[in-house]
Amino acid sequence: MKSSFARHRVLPRSFYKGDPREVGPALLNKLLVGRGRAGRIVEVEAYLGTEDPASHAYHGPTRRNATMFGPPGRLYVYFTYGMHFCANAVCGPEGISRAVLLRALAPVAGIELMRVARGPAVVDRHLSSGPAKLCQAFGIGRADDGADLVTGDKDLVIADDGTPPPARSAISGRVGVASAAEVPWRWWVEGDLNVSRGTSRVAVVL
DNA sequence: CTTTGGATCGTCT
DNA sequence: GACGATCCAAAGG
């Protein structure tokens, strides 16, 4: 297991320092690796913190969103709808609370572990085809808020295996947000079967 | 203190 | 396509 990821390069902190509208699409086709599992990032959304009505950080720092105001390259994990966790890669600069929501992964390794975490009735293409599903598949929860994706202190990193982002990413408005839903800050790998709902509608292709 | 509604998912129709 | 589950952070009084 470990040897098969030997040539993977963990993304450096500098990767996360920019605007999430650039970091987000750049994360497509990168790998979330850890806990004996790996998944290719195939869908993301950008959130612009205090400047974004749809962001949890829009009204300023709170206990819940504190991680987003911290340094880039960490994982902001939040609890929602009474039962789900979702995970974001925090972007820079520090204090502006910008982040990229990880919305879907294509399972690459550790699929048996994901099946155990997600349940026996779940087909492979839905093991991590949503922001809460991928957290469940990786066992990501409350304790992982603030995990460092560069040092891997919680056994979670994002790595590059040499696969570039798609030349043509599909784009749409963000899913499930009540405000600023029209801004086109959602990107996914066109045609990937693990992408979450809503790919048939909007979808501009660059 | 109380109220409100959520960056979702699975099930049912 | 619609809806219920189920908790809690944040806003308002």
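Protein chains get the first letters and strands the later ones, always in sequence-line order, with residue 1 at the start of each. Computed from heavy atoms alone, side chains included, the values below leave out hydrogens, waters and symmetry copies. Remember, it's a predicted structure, so these values are computed and weren't measured experimentally.
Put simply, A:R118 has a side-chain N or O that comes within less than 4.0 Å of OP1 or OP2 on B:dG10. At least one side-chain nitrogen or oxygen of A:R103 sits closer than 4.0 Å to the OP1 or OP2 atom of B:dT8. The side chain of A:T62 contributes an N or O atom lying less than 4.0 Å from OP1 or OP2 of C:dA10. Between A:H84 and the phosphate of B:dC9, there is no side-chain N or O to OP1/OP2 separation shorter than 4.0 Å.
A:R174 has its CZ atom 8 Å from the C1' atom of B:dA7, to the nearest Å. Spacing between atom CG of A:N65 and atom P of C:dC8 amounts to 17 Å, rounded to whole angstrom units. Rounded to whole Å, the distance from CZ on A:F79 to C1' on B:dT8 is 11 Å. C:dC7 atom P lies 12 Å from atom CZ of A:F85, rounded to whole Å.
Note: A:H56 and A:Y78 meet the aromatic proximity criterion, with ring centroids under 6.0 Å apart.
One donor-acceptor pair, N or O on each side, does fall under 3.5 Å between the base of B:dA7 and the side chain of A:Y78.
With hydrogens and angles left out, the side-chain atoms of A:N29 and A:T163 include no donor and acceptor closer than 3.5 Å.
Counting heavy-atom neighbours within 6.0 Å of A:F79 CZ, excluding the residue itself, gives a total above 12.
Note on A:H59: only backbone sugar-phosphate atoms sit closer than 4.0 angstrom, heavy atoms only; bases stay farther off. Counting non-hydrogen atoms under 4.0 angstrom, A:A54 reaches a base of the nucleic acid.
Using the Watson-Crick or G-U wobble rule with both distances under 3.5 Å, C:dA9 pairs with B:dT4.
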